[in-house]
Amino acid sequence: MGERIAKKVLLIGWDAADWKMINPLLEKGWMPNLQKLMDTGVSGNLATIRPILSPMLWNSIATGKRADKHGICGFMEPNPDGTGVRPVTSTSRKCKAIWDILTQNDMRSNVVGWFASDPAEPIHGAIVSDRYQAMCKVRQDKRETKPGLCHPPELADKLMELLVDPSLIDGHALTPFVPEAARIDQTKDPRLLQLAMLISRMSSVQAAAHYLMYDKPWDFTAIYFDAIDHFGHAFMPYHGQQMEGISDEDALIYKDVMNGVYRFQDLMLEATLQMAGEDTTVIIVSDHGFHNEDRRPSTSGMDNPEGWHSPYGMACISGPGIKQNEKLYGATLLDVTPTILSLLGLPIGADMDGRPWLEIFDKPVHAQRIMSWDAVEGECGMHTEQQREDPVAAAEAIKQLVELGYIEDPGDDAEKAVRSTTRDLKHNLARALDDSKRAHLAIPLWQELAQLADDDEHEGFFNMQLARAHLGQGNFAEFDRVLRESFDEKQLESPVLLALLGDARLAQGKIDQAMAYFEKVQEFDPHSPSLLQRMGEIFCRQKQWDQAEAAFREVLALEGDNAVAYNGLAQVCIARGEHAQAVDYALQAVGLFHQYPNAHRNLGVALAQMGMDDQAIMALQTSHGMEPQHRGAHLWLARLYRREERDTERAAQHEAMAGRVS
Ligand SMILES: [Zn+2]
């Protein structure tokens, strides 16, 4: 074991919390408790992973692994007996969560409300499953505490006592969120009731967590709040500047609700921090951001909910041994579990997809590694292998039995629900694999999905994803074959397919053909950030620096945080000899997205041009570590090691490697 830095770790999840909402509130002094943690700790953006769906993301946060490894691939899953669908369960998780690893190391955990924690695992400590907050419904006479709600099971009675009934959230509690509540005709407008329900959920989670923290000593407590996300889907269309299509009355009544939930969450934080005590290391994270102001995609938070989720969430960490008032750069939500392990002096699993934030500590800390926590035998509190199951496989097996006539058909509706849920889960898994650049594993899934599709539209979409995955593999022949066999000439003139064809030609180095496709796409949508970004990259290749700069600047104006656009500007500046400016842009790019070898390389080149050789070597080595076959990095490293005969041996090594990859 390594050195244990934290006595206790408190992890608080604020689903969808976003600095763009938080910063104005901090400026007004309206989130003083978060402010205090930032002043005494390290904070910054937390990059999400795709697809941006909360159950998948919170399980990545709790495991340090992507969805193909942890197995939670959506909100719903089929009942294993094929009779319908249910919210995703903990028995679908395929690997240990942080609380299982801690159980194995005799550390005590409390876990409250976490996504897919039902049925509660028998860990060392206590779990209140996410079924608990779902019990906050209006007008429920009797609440049944079915098994699995919590661990240990005898906790259930206490939890029922602590549950905050939505009917108890009265006008007094609602007016801070809706000062004009009296204007609302509740027989017509259900939103006040919805607000009461959401407040009762977060209050119940808080009450249960505080009870557990008070009840017994603990090493780790994890509390998950869905409030900011749910509030966002219900009330973000009314926030701040009035959107076109929102009535004056709605804009007036509900304009303060979003600020209200952030302030309420901060108020609750104050109580939780007091409960935790000064010596606790506190980590607050969100799984993604949430579009606000002019990035809002619609006047309804419910149509295409995923479209409201933005790629950067927030992270803040404070506690003994952690630097004060510093920025966190290049962090992803996959890093949370590795960081907690480092805090508690435990090794990281080499099969985890994230990294510990070692740079946050005020003295050097070295992370230990083991191959995999899942290979470590012994009691960990996870469900047994027999209890764990793949619900899709189980439901598919049932379907076969139905077809063979062994068991009765669960009926059309149930079957339809199972089919569409199964398809969603496979679709999400395929997207997760694409996102982690493992398209070869996604290809069979896209093929299967295209075959399973109910209609032409879905089939076309899945075939397009299949083609894209082949492209990701650099298999241009397969890419062309899939497009040719799946789409007719007219379909190939649609903007998405034209853009895809442009991408393929760009990847093949056929710059002029690529540009021709992108120009056609531009006729449909002149201000698409992803298109402008691609055109910027082409302008760079053609050394048309002014056009490149204009394209990247427009992307940033439209989108704000875009690592590719910042890196593009860095490249433009290098070409123009504006090296200090290039360093700034490249730092922005790697700060937003750490796993970006090209941006580290640009950073290195710009630093080298400024004569800052030490820093340049560091940046180029980082880039080289991520992409060992890049000739440019070798050549620059060789040149830098040659300078003033710094290290001729290494210079020679890089020269040799550059020769091999030329
Ligand atoms: Zn979320």
Side-chain angles (χ1 to χ4, degrees), residues 12-16 54-55 58-59 62 72 74-77 79 84-93 97 99 109-123 125-170 173-174 177 190-215 221-234 261 264-265 268 271-272 302 383:
I12 298 178
W14 286 352
D15 199 303
S54 302
W58 287 103
N59 278 279
I72 304 295
F75 286 91
M76 304 296 288
E77 64 184 25
N79 288 330
V85 296
R86 64 184 186 190
V88 65
T89 60
S90 62
T91 45
S92 293
R93 208 184 61 238
W99 45 84
S109 303
N110 299 313
V111 181
V112 184
W114 213 265
F115 249 116
S117 56
D118 172 39
E121 292 166 86
I123 61 164
I127 292 188
V128 177
S129 86
D130 52 341
R131 189 148 39 93
Y132 182 58
Q133 61 262 38
M135 295 172 99
C136 296
K137 284 185 197 139
V138 184
R139 279 181 227 107
Q140 251 196 354
D141 305 333
K142 191 170 172 297
R143 292 197 169 88
E144 272 188 69
T145 56
K146 278 185 251 156
L149 174 72
C150 55
H151 167 79
E154 52 272 22
L155 199 61
D157 289 343
K158 186 73 200 171
L159 289 175
M160 287 309 102
E161 252 174 64
L162 294 170
L163 197 76
V164 179
D165 197 293
S167 61
L168 297 176
I169 311 286
D170 56 10
L174 291 171
F177 296 87
R191 282 170 289 191
L192 213 50
L193 202 63
Q194 192 183 3
L195 182 62
M197 204 258 290
L198 293 175
I199 296 171
S200 80
R201 283 170 77 101
M202 62 200 294
S203 309
S204 300
V205 166
Q206 171 96 337
H210 283 195
Y211 172 74
L212 295 180
M213 289 164 80
Y214 178 76
D215 187 45
T221 289
I223 318 172
Y224 165 75
F225 293 101
D226 57 19
I228 291 173
D229 183 77
H230 287 213
F231 271 74
H233 288 294
V261 67
F264 189 50
Q265 201 82 69
M268 299 204 335
T272 309
M302 293 319 288
H383 295 302

**OP:** Find the distance between CG (Asp15) and CG (Asp226) and round it off to the nearest 0.5 Å.
**Re:** 7.0 Å
**OP:** State, yes or no, whether a side-chain contact exists between Leu212 and Leu155 at a heavy-atom distance under 4.5 Å.
**Re:** yes
Please tabulate, for the side chains in residues 125-136, all donor-acceptor contacts under 3.5 angstrom to protein atoms that are two or more places apart in sequence or on a different chain.
residue: Ser129; atom: OG; partner: Arg131; partner atom: N; Å: 3.1
residue: Ser129; atom: OG; partner: Leu149; partner atom: O; Å: 3.1
residue: Asp130; atom: OD1; partner: Ser117; partner atom: N; Å: 3.4
residue: Asp130; atom: OD1; partner: Asp118; partner atom: N; Å: 3.4
residue: Asp130; atom: OD2; partner: Ala116; partner atom: N; Å: 3.0
residue: Arg131; atom: NE; partner: Asp118; partner atom: OD1; Å: 3.4
residue: Arg131; atom: NE; partner: Asp118; partner atom: OD2; Å: 2.9
residue: Arg131; atom: NH2; partner: Asp118; partner atom: OD1; Å: 3.0
residue: Arg131; atom: NH2; partner: Pro147; partner atom: O; Å: 2.9
residue: Tyr132; atom: OH; partner: Leu159; partner atom: O; Å: 2.7
residue: Tyr132; atom: OH; partner: Leu163; partner atom: N; Å: 3.2
residue: Gln133; atom: NE2; partner: Gly113; partner atom: O; Å: 3.1

Subject >> Distance, nearest 0.5 Å, that separates CZ of Arg86 from CE of Met76 >> reply: 10.0 Å
Subject >> Polar side-chain atom of Asp215 near backbone of Tyr211 as donor-acceptor pair, under 3.5 Å >> reply: no
Subject >> Flag side-chain contact, heavy atom, 4.5 Å: Phe225 against Arg201 >> reply: no
Subject >> All side-chain hydrogen bond (donor to acceptor under 3.5 Å, both in side chains) counterparts of His210, not counting sequence neighbours >> reply: Gln206, Thr272
Subject >> Rounded distance [0.5 Å steps], CZ in Phe177 versus CG in Leu192 >> reply: 11.0 Å
Original post:
Are Ser203 and Phe264 side-chain neighbours, meaning at least one heavy-atom pair lies under 4.5 Å?
Top reply: yes
Original post:
Do Phe231 and Gln194 come close enough that some side-chain heavy atom pair is under 4.5 Å?
Top reply: no
**OP:** Report the distance from atom NE2 of His151 to atom CG of Asn110, rounding to the nearest 0.5 Å.
**Re:** 10.5 Å
**OP:** Could you check if a side-chain atom of Ser54 sits within less than 4.5 angstrom of a side-chain atom of Phe115, using non-hydrogen atoms only?
**Re:** yes
**OP:** For the pair Val111 and Thr221, evaluate side-chain contact (heavy atoms from CB on, under 4.5 Å) and give the outcome as yes or no after the intermediate values.
**Re:** CA-CA 6 Å; Val111 181; Thr221 289; over 6 Å; no
Original post:
Looking at Thr89 and Ile72, what are the two nearest heavy atoms and their distance?
Top reply: O-CD1, 3.6 Å
**OP:** Find the distance between CD1 (Ile199) and CG (Leu168) and round it off to the nearest 0.5 Å.
**Re:** 12.0 Å
Subject >> Ser204 (side chain) donor-acceptor with Val164 (main chain) under 3.5 angstrom >> reply: yes
Subject >> Least distance between heavy atoms, Gln265 atom then Ala227 atom >> reply: OE1-CB, 3.9 Å
**OP:** Show the numbers, then the answer: is there a side-chain contact (heavy atoms from CB on, under 4.5 Å) between Tyr224 and Ile12?
**Re:** CA-CA 6 Å; Tyr224 165 75; Ile12 298 178; over 6 Å; no
Original post:
If you take all heavy atoms of Glu77 and Val88, which pair is closest and at what distance?
Top reply: OE1-CG2, 3.4 Å
**OP:** Identify the two heavy atoms, one from Trp58 and one from Trp114, that lie closest to each other, and give their separation to 0.1 Å.
**Re:** O-NE1, 2.9 Å
Subject >> Non-neighbouring partners of Arg93 that pass salt bridge (Lys or Arg N to Asp or Glu O under 4.0 Å), sequence neighbours left out >> reply: Asp100, Glu121
